[in-house]
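Working notes, structure below.
The model shown is predicted, which means the values in this text are computed figures rather than measured ones. Proteins get letters first, then strands, A, B, ... in listed order; numbering begins at 1 in each.
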Amino acid sequence: SPKENVHDEL
Amino acid sequence: MNIFRFAGDMTHLISILVLLLKIYATKSCSGISLKTQELYALVFLTRYLDLFTDFISVYNTIMKLVFIASSLAVVCCMRMHRVVRRSYDKDLDTFRHYFLILASFVLALLVNEKFTFQEIFWAFSIYLEALAILPQLVLLQRSGNVDNLTGQYVFFLGAYRAFYILNWIYRYFTEQHFSRWIACVSGLVQTVLYADFFYYYFISWKNNAKMQLPA
């Protein structure tokens, strides 16, 4: 399943 | 993390250091928009609400804390410091920044990744960051002259945006599920806002002259 977009940028 | 994202974070950090250096070394904040600085403080405070709920990396956490602390330090210094406050170009810094906050919040309510408290404020911070430079650019436009450190501050801030766009392009091609169009479109808008400034920055750099904006 596609990984959920987490806010990994600043 | 790729090299573009890292370069973006570093130029962002350098821009803040240049700003702090300018204020600390010259005891002056002339040419700096307090409104833009207040907007950035609001951007970081609302974006990093996830500081205590989602852990990404030590790097991310430290950078988030640095961005929050430094933006608050700049605002406090410009508002409270007896000497610095006197150099603030209050009469030139009249951009109605509340409209930017309102517009960003309405847009965040309408366009977000999920209708939750954190996601709405995340989207709000992304939209507001894209627009937050406007009071600063208007102030520079009005004062005409741009001192070296202020020019470098805005230059590094623009470089940060440019590197982030390269980072998204890189991630788009290297990651399977990379789709974050809210951040990408906002980042693009923000970079376009800098285009005019960059043009005059490079002209002054090429001619080795003090930067001047047309009236």
Across all chains, not counting sequence neighbours, the salt bridge (Lys or Arg N to Asp or Glu O under 4.0 Å) partners of B:Asp9 are B:Arg5

*asked:* Check this for me: B:Phe198, atom CZ, are more than 12 non-hydrogen atoms of other residues, nucleotides or ligands nearer than 6.0 Å?
replied: yes

Does A:Glu9 form a side-chain contact (heavy atoms from CB on, under 4.5 Å) with B:Ile56? I'd like the steps, not just the answer. CA-CA 9 Å; A:Glu9 290 173 352; B:Ile56 308 287; over 6 Å; no

Could you tell me whether B:Tyr98 atom OH has more than 12 heavy atoms of other residues or ligands within 6.0 Å of it?
no

Would you say the side chains of B:Glu119 and A:His7 form a donor-acceptor pair under 3.5 Å?
yes

Legend entry - side-chain contact (heavy atoms from CB on, under 4.5 Å) assessment of A:Leu10 paired with B:Tyr160: CA-CA 11 Å; A:Leu10 292 168; B:Tyr160 142 62; over 6 Å; no

Taking a cut-off of under 4.5 angstrom between non-hydrogen atoms, the residues of residues 16-53 of chain B near chain A are B:Arg47, B:Tyr48, B:Asp50

Those residues of residues 59-67 of chain B that come under 4.5 Å of chain A on a heavy-atom basis, listed by number, are B:Tyr59, B:Asn60, B:Met63, B:Lys64, B:Phe67

**Request:** Determine whether B:Met1 and A:Asp8 make a side-chain contact, defined as any pair of heavy atoms from C-beta on separated by less than 4.5 Å.
**Result:** no

Okay, B:Asp54 and chain A: the region with an atom under 4.5 Å from a heavy atom over there is neither

Under a 4.5 Å heavy-atom criterion, the part of residues 131-138 of chain B in contact with chain A comprises none

